[in-house]
Amino acid sequence: MRSADHRRINDAFQVFDHDLNNTVDVREMGAIVRSLGCFPTEAELLDIIDEVEEPTGFICFERFLPTMSKILMEHKFSPIPEDMLLMAFEVLDQQKKGYLESDELTNYMRHGDEPFSQQEIEEMMSSAVGPDSNAVHYKDFVNKMVLDGQT
Amino acid sequence: MGCGTSIATEPQSKAAGTDEAARNPSPALTMKAAILIQGWYRRYMARLEMRRRYTWNIFQSIEYAGEQDQLQLSGFFSFMLDNFTHLNSSGPDLISQLLVDPWLGRDTCHQLIPVAESYSGPRISFPLSVSHTDALLTAFKEHQILHASYALQLLWETKKLLKQMPNIVHMSTSYAKEITICGDLHGHLDDLLLIFYKNGLPSADTPYVFNGDFVDRGKQSMEVVLLLFAYLLLYPNHMHLNRGNHEDHIMNLRYGFTKEVMQKYKTHGRELLQLFQDVFSLLPVATVIDSKVLVVHGGISDQTDLDFLNSIERHKVKSALRLPRHSVQQLDVSRPYKQTTSSLRSADSHCHRWLRPIVDVLWSDPKPQEGCSPNTFRGGGCYYGPDVTRRLLLHHGYQLLIRSHECKQEGYEICHGGHVITIFSASNYYEEGSNRGAYVKLGPDLVPRFYQYQVSRTTRKLTLTQRVRVAEGSALRALQEKLFSHRSELLTGFLQHDHNNTGSL
């Protein structure tokens, strides 16, 4: 178990270790942590970075490994099951239409503690909204995204 | 438990509860649902980013492995030329034909080529005027080819002009409001045209620096480089071209420019290529703006001395890939090898001393760690750390280094605490959608302003998912090609460890 985790962490880290010297840029942390199947919020991600960052703005593998192993072992920031994601969309679909207007969904995504940036909104809408309507059929969308995530 | 699941438990219980509650969920509940979707979506995007980076790594490794091969191969050629040319006394061999001394009198040959009445492409005469460059622009947009006679004249004029230029060109923002700096174009004519469209054609009011790597890889290197040279002739004080590591006739042999020229100019391709070889070696290697900003293609090393760099006879460094010691005497295979070596010795030592400083500024990449180390990934130049940058900038009283040479996803990147900018102007370099192109503008305040763009052949905007898919597919194809071309070595390697011939390890 532990050694398998160790290898996964090492593999993910190495993708971003461009100079092959066991360090990565602090800006790559989000992608590394999330690619290991964890999904912290932006605030939680900053906490992780605070814990492992060197004064130079780099992350060393030696310091990253124990922190990340602990996160994996404790199943922190574990992924959201598909059905729960679907339920979240159903909550937003107050009239139970089976779809959300793109404006509606955009509006929701613009709120919260960590609202979407304009770029995130545009990216999400470009894959969520059907080609000839303004509606997000969220069931299809969730299925599509879950499938994509697996390949 | 993670926060994601704890947020989600509420909608679950509500959903299982009364219909009314589900129909009219509280604002707090919708907020939690939205946050859950945001968190999940960001994770999904992060995974995509991971896949994109993997793909990028594959492309980059293949690209640089190619350059490494190139350096090794040219080392082999140099060795062969050094040791075996004297054996071959039957006549010029293939290699020496490719590497004829470019300073032989061939400057007048272009006058001999007549232009047929029926030629429908653009016609130009010298000195060039705006109507000529306009004609070239229009013609290249319509995929016309400039007649060899005009192309040769254009190169000859460019060569004459460049001979008068110093190794390091000084520019000032005070003559114009802003100077535009562009990075690698690699034969991407569409990107060059887009830059001109967005930013304006070169002129006294719109000065440009093009920071090397105009040719190779892309399909329209000829058009790109002819346009750049034409504007250089038209505005020699407001248009500056730095040499890149691909302005090198040996790189061109492998990375497409030689082939492109030979295909477009079946009869006069060789003359053109020989003239290109001269012109490329005469390109200045650096530009300095307002005595504050250094613009070079690759960067610097801990040995870089700009005063020394300025004193070099740059045209003698024809190629970074081959020591420039093989002058015409040595390639004149009819002459005995021994006789020529002693007379070449003093020239040799100069060229050796000149090669390294030029290779360093054309081939190097910045690295985040302190220090300076050999660039093993590319096989030439070095990696320079923030301390190397700091020291050089401080020594000359500069504040910024602008370089190109590396493809960046956003078209530009800032490193070394804001002291180094990478600018790359060929969009979709690895694959459709792989990266944006960018250029940077500097005004008298010397605060860089970046402009990004992406040439798109498809009108439909691809989502990130689709772009990653396309890039992955093409990276895998490139890998398959590599594997296929090395299959016999791979098989031999596997067989060595498969002692019982089981077919598996």
Side-chain angles (χ1 to χ4, degrees), chain A residues 12 15-16 18-21 23 25 28 30-35 37-42 44 56-58 74-81 83-85 87-92 94-96 105 107-116 120 123-124 126-127 138 142 144-146 148-149 151, chain B residues 1-5 7-12 14-16 19 22-26 29-54 56-57 60 367-370 373 376-377 383 386 415 417 460-466 468-469 472:
Chain A
V15 176
F16 298 95
H18 304 298
D19 304 305
L20 309 174
N21 58 2
T23 58
D25 193 293
E28 316 278 24
I32 298 176
V33 172
R34 288 178 178 128
S35 73
C38 300
F39 76 119
T41 63
E42 291 297 305
E44 285 165 332
T56 52
F58 287 93
E74 291 172 3
H75 299 286
K76 267 161 114 179
F77 321 121
S78 51
I80 305 173
D83 52 347
M84 224 168 263
L85 179 66
M87 271 183 254
F89 275 105
E90 279 164 359
V91 168
L92 300 186
Q94 302 197 359
Q95 286 102 51
K96 300 283 165 273
L105 182 57
N107 192 36
Y108 283 123
M109 293 300 105
R110 278 195 205 285
H111 291 87
D113 299 332
E114 297 170 1
F116 268 16
E120 283 175 310
E123 183 62 44
M124 183 183 212
S126 70
S127 49
Y138 50 80
V142 168
K144 193 174 91 181
M145 299 302 251
V146 168
D148 264 344
T151 50
Chain B
M1 266 313 225
C3 57
T5 17
I7 288 169
T9 46
E10 204 168 338
Q12 191 172 28
K14 291 278 179 183
D19 273 2
R23 214 161 280 145
N24 295 307
S26 69
L29 182 59
T30 51
M31 181 64 79
K32 280 181 178 174
I35 290 173
L36 182 139
I37 293 170
Q38 287 169 346
W40 161 81
Y41 186 73
R42 285 196 170 115
R43 172 169 172 271
Y44 170 79
M45 291 308 283
R47 283 190 73 104
L48 266 188
E49 173 66 12
M50 186 80 179
R51 282 165 60 184
R52 200 190 61 72
R53 298 301 289 263
Y54 272 119
W56 194 267
N57 281 3
Q60 213 176 39
K367 63 170 180 172
Q369 293 77 25
E370 307 274 299
S373 47
T376 45
F377 204 28
Y383 291 114
C415 64
R460 191 170 52 103
K461 193 176 170 289
L462 296 177
T463 66
L464 183 65
T465 320
Q466 289 165 322
V468 170
R469 280 249 174 92
E472 274 178 348

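Naming: A, B, ... by sequence-line order, numbering from 1 per chain.
For A:Glu120, the side-chain contact (heavy atoms from CB on, under 4.5 Å) partners at least two apart in sequence or on another chain are A:Phe116, A:Ser117, B:Arg42.
Heavy-atom distances place the side chain of A:Phe58, and not its backbone, under 4.5 Å from chain B. At a 4.5 Å heavy-atom cutoff, A:Asp25 makes no contact with chain B through either its backbone or its side chain. With a 4.5 angstrom heavy-atom cutoff, A:Glu28 touches chain B only via side-chain atoms.
Interatomic distance, A:Met87 CE to A:Asp83 CG, rounded to the nearest 0.5 Å: 4.5 Å.
For B:Gln38 (side chain) and A:His111 (main-chain N/O), a donor-acceptor pair under 3.5 Å exists by modelled atom type.
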### Message
Using side-chain contact (heavy atoms from CB on, under 4.5 Å), reason through B:Leu36 and A:Val91 one step at a time and then give a plain yes or no.
### Response
CA-CA 11 Å; B:Leu36 182 139; A:Val91 168; over 6 Å; no

